[in-house]
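Letters go in sequence order (proteins before strands), and every chain restarts at 1.
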There are 2 protein chains.
Amino acid sequence: MKNEKSTIHDIAAKLNITASTVSRALNNHPRISDETKRKVLKVAKQINYQPNHIASALRSGKSRLIGVLVPTANRSFFSSVIRGIEDLANSFNYQIIISQSYDEFEREVNNVEAFLNARVDGIIASIGKTTENFDHFQKVLQKGIPLVLFDRISNELDVSQVVLDDHLGAYLSVDHLIKNGCKKIVLFTSSQRINIYKERKRGYEDALADHQLDIDPDLIFYSNMQLEDGRRIATELLEKGVEFDGIFSASDYAIMGAMQVLKENGIQIPQQVKLAGFGNEPFTSFTEPAITTVDQKSIPMGKITAETFFDLLNKETSSELAKKTILKPELIIRGSSN
Amino acid sequence: MKNEKSTIHDIAAKLNITASTVSRALNNHPRISDETKRKVLKVAKQINYQPNHIASALRSGKSRLIGVLVPTANRSFFSSVIRGIEDLANSFNYQIIISQSYDEFEREVNNVEAFLNARVDGIIASIGKTTENFDHFQKVLQKGIPLVLFDRISNELDVSQVVLDDHLGAYLSVDHLIKNGCKKIVLFTSSQRINIYKERKRGYEDALADHQLDIDPDLIFYSNMQLEDGRRIATELLEKGVEFDGIFSASDYAIMGAMQVLKENGIQIPQQVKLAGFGNEPFTSFTEPAITTVDQKSIPMGKITAETFFDLLNKETSSELAKKTILKPELIIRGSSN
DNA sequence: TTATATTGCGCAACCGATTACACGAAACTT
DNA sequence: AAGTTTCGTGTAATCGGTTGCGCAATATAA
């Protein structure tokens, strides 16, 4: 039971042929006879041959590895997208290596660097919240390594990207709140440097405008939109006695926090205040009332992102034009607004 | 802005030295003069040198890659563990590559195979629910590749493992339910081939026994313990008119489903039925009432798993004895049982 | 039957770094 | 001052596949 390591040379020796023939046989090269292929496969199985992808990657320059960078895999949205990518990648005999930035800029840079060192054949990424500088991605592009961004993108990078129509998602949601009677809707959003939060804010504003409602800057709150942020802002709203009858949050977590505080203060939902979140996190259907939210189409997004990526990978031409795909979100109406 | 690829040979050429000297300089070899090191580093920076880990891995036999296999990264528990592993790994200059089995046996086998092909230096894994055959892990061991299991382990494999004291967690939880007045406690569990579910069942049984309560097989339900399973079983309980005043579930998801159904049927929680889950998923604190559950100590588990792994990795000796670490869980008492 | 194509495989360089071994020069011993 | 260490670097093999080129043998074409 020793460290059995077998190479194509071992196979070659047993068959009295050369390693190159074995290599070609294993790769199903057309110039190798069927009989030789059969023999090679047989011996390979017999001596428990395990291809060394490292050696192959070194020589061929192709690692068959795709780096997937997300803020955190621990989110239903990202994990669904990852699964979509993984499925297509595996079907093409590619492996993905997942790496998380935890929304920290330095980690993001390091992770991209690690991808480069690992000689990935391409990178699929969603940008972190704190990222303002894109040199690490520019470096990827300079090296001619295929890069596709999804969801959290940047207009500073001229690459293919797959996004949700965040503007529409927010618009539908706020429009729904207004139609259900809301007149003073609070907005929870985040850094306007992030495309998705900018778009969601635009959607909110446009929906208000289309219903001839004023946009009140005092009702707009910027934060990281974690649960605690939602709690804090809701507490502040109540303490200051701000008048409002609805909240649209660009994050399910923040609206969850706000709902907790409102309920703790005896405010009836949706009778007194209507709530809507964004992201369709599983827990939004567990709460009481369940939370109205916007589904981000994670499954199709993963699929399309992967397809876009492989298109790019297989395109000899350095692909003149970057392609942008925009998916339609779906408003999920639940008890918190209805 | 061409595909700039620079190697140690390029650095060597610029300095009129050999690639071996450059290699040594970059690796901070003691026999290289400080001046040469300085020069090498300078030129390396200047021509934007990027080490080729693939080449290095091939020659040295060390990829500095650790394969981390989990059922799904989309669970707060696993993602926390992963983060713990990642942090320690990075500090040792190792990269982790995450791979998900989605609890499917075939994927698990394929993923392990992929790790082997990628020539990872070691594997950290949590076994899938459907896995009954461990040949793929035996193969890893035979090759002398360090393997550490956490949480979902197997006694068939003689390797270091890090687990929660699941028996204790269940015991504490059921003991708590009984002390709060429960006499007929339903158990939700899963395949008894999985250590954690077996242990949790034992904990349930021991707690009942210690309080002189009978173990009623009709109150024990086996399932995958997803939300839907919880709903289904709860519905069945109600339809059949089974008498019960408490449910202990080995999964937070299943108890969530059960709680939904009970509430839909006007049953008061915790007055009529008390509930307790397992896992401390974030959503358990969002529900109404919040769900009593058992925290699995994911952060320490990640840290300890990684430490165990690196101990193993650095141990020349093929480490005579496998080490088993058992962590103490923490009962989180919330409204669903109190 | 001779010329041309195709088939099947070997030769050897190569990918980019690592490392055992060697060797001259400088430093140190006694 | 001759002998022994230490220092700093070069030489060349090596890791395990991949691949352009070449060539003999067989098949096809003219």
Sugar-phosphate only, base, or nothing, as touched by A/His9 at under 4.0 Å among non-hydrogen atoms: base
Strand-adjacent residues in residues 10-30 of chain B, judged by heavy atoms under 4.0 Å from DNA chain C: B/Ser20, B/Ser23, B/Arg24, B/Asn27
For atom CZ of A/Arg59 and atom P of D/dT18, their distance in whole Å: 10 Å
Side-chain N or O of A/Thr7 closer than 4.0 Å to phosphate OP1/OP2 of D/dC15: no
Distance-only side-chain donor-acceptor flag, A/Ser33 / A/Thr36, under 3.5 Å: yes
Gap between atoms NE2 and C1', on A/His53 and D/dC15 respectively (whole Å): 16 Å
Residue list, side chain to side chain contact (heavy atoms under 4.5 Å, CB included) with A/Asn52, at least two apart or on another chain: A/Ile54, A/Ala55, B/Leu58, B/Arg119
Comparing B/Ile32 and A/Ile54 on DNA chain D - which has the more 5′ nearest nucleotide: B/Ile32
Bounds of contact between DNA chain C and chain A, in 5' to 3' order, using a heavy-atom cut-off under 4.0 Å: C/dT7 to C/dG16
Ring center gap for B/Phe115 and B/His136 short of 6.0 angstrom: no
Distance-minimising heavy-atom pair for B/Lys37 and B/Ile32: CE-O, 3.4 Å
Donor-acceptor contact below 3.5 Å, side chain B/Ser23 vs main chain B/Ala19: no
Exercise: identify the closest heavy-atom pair between A/Ile96 and A/Val68: CB-CG2, 4.0 Å
Non-hydrogen atoms of A/Leu327 and A/Pro300 that approach each other most closely: CD1-C, 4.2 Å
5'-most by nearest nucleotide on DNA chain C - A/Arg31 or A/Ala55: A/Arg31
Geometric cation-pi criterion B/Arg64 and B/Tyr94, 6.0 Å radius, 45° cone: yes
